[in-house]
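Report on the structure given below.
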Amino acid sequence: MTLPNGAIYLDHAATTPVDPRVIERMLPYFSERFGNPSSVYGLGRLSLAAIDEAHELVARSLGCRPTEIVFTGGGSEADNLAIKGVAYAQRRRGNHIITSAIEHHAVLHTCQRLEREGYRVTYLPVDTYGQVDPADVAAAITDETALVTIMFANNEVGTIQPIAEIGRICRERRVPFHCDAVQAGGAMELNVVSLNVDMLSLSAHKFYGPKGVGVLYIRQGTRIQPQILGGSQERNRRAGTENVPGIVGAAYALDLATRQRDSETPRLMALRDRLIEGVLTIPRARLTGHPTRRLPNSASFVIEGVEGESMLLNLDLVGIAASSGSACTSGDIEPSHVLTAMGYSASEARGSLRLTLGHSNDEEDIQTTLQRLPEIVERLRGLATRPALR
Ligand SMILES: *Cc1c(COP(=O)(O)O)cnc(C)c1O
């Protein structure tokens, strides 16, 4: 499938289109089934039933109880609720938080805020593949540790962390453990029991659901302070009239993704491996992230001697939508915190390219990309070595 403008979409880690079946399921809750779930009359009860069913669907997919699911206004909000909610609730136990250097900014900026409020945060290092060593987690835990938060899979390089092992350590030491699994939602099996997690975040728009809807699993008995106040929705853990169509869509999207996974995963992995193999034939191109312990749809690289942003603009010109690992703020290109934590120099990190696959992609997309990308890299390198005009 191509985009409305005819482009090939290789940025599924940024967001995904809503599955038409999901849209169809959501539609009645915008119009005829518009009732407030808190209302006592029949129309309200229809909405409440839809929300209850959504809790059940998500719970089935994650292997938990429906009451352990809280719907939020997105992945970032789920991360904020987990981290601030537990940090504030655990304040008397201690003010130490453990995370990794390569988390999403929804986690990192939240931890930084808590630092300014007097918490102490340990940012664990990662190896060259972007993996956290569970032994480092064990060594960092103290009697003051109130929370450990480590992501399931990295959004820039796709590396998967040893979550079950880290969770086992946290459980032994009785420290609450949160996992930002936003990139893995729908794509990987996530069973909260075997992963030993106390909290887990998901975001619907990363698995063909609507934007602005997140999920936080909160294990029963976890002490957490709500961050949005004002009503008793979501069992007092997230106030505000529920986004009924969004919640219905999120749950159905996760259910669809879960059921499609067995056929979709091997297909995506095969496309990904073809893509990786092809890109690595470009001179001085390297794979970033773990060669095998990575998301099935994620291919990421550093290509020396080219600016990531220039690659993206040139790919866009030939109708390929891709991303680089680096966050570009007001023309000032900061090297990715993920790649620098993995040991890449700032100049290496500037040549980063991330291609993330999804339902829409086929063999032809890969072929086109592998035809276009080397030409672009060659041209940009030629430009880079040409002496500056005076
Ligand atoms: C996208 C993403 C988020 C944020 O989710 P939103 O729903 O966009 O707020 C958090 N963590 C990771 C790893 C992500 O990839």
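Being a predicted model, the structure only gives us computed values, none of them experimental.
The neighbour count for Tyr119 OH, taken as heavy atoms of other residues, nucleotides or ligands under 6.0 Å away, is above 12. Heavy-atom contacts from other residues, nucleotides or ligands closer than 6.0 Å to CD of Gln367 number more than 12. For Glu32, the CD atom counts as densely surrounded, since its 6.0 Å shell holds more than 12 non-hydrogen atoms of other residues, nucleotides or ligands. Residue Glu24 places its CD atom among 12 or fewer non-hydrogen atoms of other residues, nucleotides or ligands, all under 6.0 Å distant. Heavy-atom neighbours of Glu117 CD from other residues, nucleotides or ligands within 6.0 Å: above the threshold of 12. Heavy-atom contacts from other residues, nucleotides or ligands closer than 6.0 Å to CZ of Arg223 number 12 or fewer. Environment of CD in Glu172: crowded, with over 12 heavy atoms of neighbouring residues, nucleotides or ligands closer than 6.0 Å. Annotation: Arg235, atom CZ; neighbour count of heavy atoms from other residues, nucleotides and ligands within 6.0 Å does not exceed 12.
Of all heavy-atom pairs spanning Arg171 and Asp198, the tightest one is NH2-OD1, 3.1 Å. Taking every heavy atom of both residues into account, Gly230 and Ala239 meet most closely at N-CB, 3.3 Å. Closest heavy-atom contact between Thr258 and Ser61: OG1-OG, 3.1 Å. Ala140 approaches Thr145 most closely through the heavy-atom pair O-OG1, 4.1 Å. A pairwise comparison of heavy atoms in Gln131 and Pro162 identifies NE2-CD, 4.1 Å as the closest pair. Nearest approach of Val132 to Pro134, heavy atoms of both residues: O-CD, 3.4 Å.
Between the side chain of His178 and the main chain of Ala82, no donor-acceptor pair closer than 3.5 Å is present. At distances below 3.5 Å, at least one donor-acceptor pair connects side-chain atoms of Thr222 with backbone N or O atoms of Arg219. Judged by distance alone, with hydrogens and angles left aside, the side-chain atoms of Thr99 form a donor-acceptor pair with the main-chain N or O of Thr149 at under 3.5 Å. Asn297 contributes a side-chain N or O that, together with a main-chain N or O of Leu357, makes up a donor-acceptor pair within less than 3.5 Å. No side-chain donor-acceptor contact under 3.5 Å links Tyr217 to the backbone of Leu62. In this structure, the side chain of Gln161 does not engage the main chain of Ile150 through any donor-acceptor pair within 3.5 Å. Checked by atom type and distance alone, the side chain of Glu68 pairs as donor or acceptor with a backbone atom of Arg65 at under 3.5 Å. Looking at Asn314, its side chain does come within 3.5 Å of a backbone N or O of Ser310 through a donor-acceptor pair. A donor-acceptor pair is defined here as one N or O able to donate and one able to accept, closer than 3.5 Å; such a pair exists between the side chain of Thr281 and the backbone of Gly278. Side chain of Asp180 to main chain of Leu200: no donor-acceptor pair is present (N/O by atom type, distance under 3.5 Å, no hydrogens or angles).
A salt bridge links Glu165 with Arg168: the closest approach of a Lys/Arg side-chain nitrogen to an acidic carboxylate oxygen falls below 4.0 angstrom. Taking a cutoff of 4.0 Å between a charged side-chain nitrogen and a carboxylate oxygen, Glu264 and Arg261 do not qualify as a salt bridge. Salt bridge absent: Asp255 and Arg60 never bring a charged side-chain N and a carboxylate O closer than 4.0 Å. The pair Arg274-Glu363 meets the salt-bridge criterion, since a charged nitrogen lies less than 4.0 angstrom from a carboxylate oxygen.
For the residue pair Arg294 / Ser300, a side-chain donor-acceptor distance below 3.5 Å is found, with atom types taken as modelled. No side-chain donor-acceptor contact under 3.5 Å links His290 and Thr159. With 3.5 Å as the limit, one finds a donor-acceptor pair spanning the side chains of Ser336 and Glu156. A donor atom on one side chain and an acceptor atom on the other are found under 3.5 Å apart for Glu103 and Ser100. Thr122 and His96 form a side-chain donor-acceptor contact under 3.5 Å, judged by distance and modelled atom types alone.
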Can I get a per-line list of side-chain donor-acceptor pairs under 3.5 Å for residues 202-210, giving both atom names and the distance, sequence neighbours left out?
residue	atom	partner	partner atom	Å
His205	ND1	Thr15	OG1	2.6
Tyr208	OH	His359	N	2.9

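Considering only heavy atoms from C-beta on, Gln112 comes within 4.5 Å of Tyr123 through its side chain. Here the side chains of Asn154 and Gln183 are not in contact, with every heavy-atom distance at 4.5 Å or above. Between Glu309 and Ser324 the shortest side-chain heavy-atom distance falls below 4.5 Å. Contact of the Glu304 side chain with the Arg286 side chain is registered, since non-hydrogen atoms from C-beta on lie closer than 4.5 Å. At least one side-chain heavy atom of Val377 sits less than 4.5 Å from a side-chain heavy atom of Leu373. Side-chain contact between Met151 and Cys179: absent, with no pair of heavy atoms (C-beta onward) separated by less than 4.5 Å. Looking at heavy atoms from C-beta onward, Ile51 lies out of side-chain contact with Ser47 at the 4.5 angstrom threshold. Contact annotation: the side chain of Tyr344 approaches that of Thr288 to within less than 4.5 Å [non-hydrogen atoms, C-beta and beyond].
Both Leu114 and Ile224 belong to a single network of hydrophobic side chains, linked directly or stepwise wherever heavy atoms of I, L, V, M, F, W or Y lie under 4.5 Å apart. Residue Ile169 is grouped with residue Val192 when hydrophobic side chains (ILVMFWY) are merged at heavy-atom distances under 4.5 angstrom, including chains of intermediate members. A chain of hydrophobic side-chain contacts below 4.5 Å, direct or via other Ile, Leu, Val, Met, Phe, Trp or Tyr residues, connects Val58 to Leu190. Side-chain heavy atoms closer than 4.5 Å link hydrophobic residues (I, L, V, M, F, W, Y) into clusters, and following such links, even through other members, never connects Ile228 to Val244. Ile276 and Val279 fall within the same hydrophobic cluster, where Ile, Leu, Val, Met, Phe, Trp and Tyr residues are linked whenever their side-chain heavy atoms come under 4.5 Å apart, directly or through other members.
Between the CZ atom of Arg267 and the CG atom of Asp262 there is a distance of 14.5 Å, given to the nearest 0.5 Å. Rounded to the nearest 0.5 angstrom, Ile247 CD1 and Glu53 CD are separated by 12.5 Å. Rounded to the nearest 0.5 angstrom, Leu256 CG and Gln260 CD are separated by 6.0 Å. A distance of 8.5 Å separates CZ in Arg237 from CD1 in Ile69, rounded to the nearest 0.5 Å. Distance CD1/Ile303 to CD1/Ile282: 4.5 Å, rounded to 0.5 Å. Expressed to the nearest 0.5 Å, how far CZ of Arg372 lies from CD1 of Ile8 amounts to 9.0 Å.
Scored by the side chain to side chain donor-acceptor pair (under 3.5 Å) test, Asp11 finds Arg354 as partners (sequence neighbours excluded). In terms of the salt bridge (Lys or Arg N to Asp or Glu O under 4.0 Å) criterion, Arg173 has no residue partners (sequence neighbours excluded).
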Could you walk me through whether Ile163 and Val197 pass the side-chain contact (heavy atoms from CB on, under 4.5 Å) test, one step at a time?
-> CA-CA 8 Å; Ile163 290 301; Val197 295; 3.8 Å; yes
Intermediate values then yes/no, side-chain contact (heavy atoms from CB on, under 4.5 Å), His55 and Val215 | CA-CA 10 Å; His55 281 89; Val215 169; over 6 Å; no
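Checking each of Gln227, Glu77, Gln233 against Arg238 for a side chain to side chain donor-acceptor pair (under 3.5 Å) leaves exactly one that passes, namely Glu77.
Taking the six-membered ring for Trp and thresholds of 30 and 60 degrees, Tyr9 and His12 have ring planes more than 60 degrees apart, a perpendicular arrangement.
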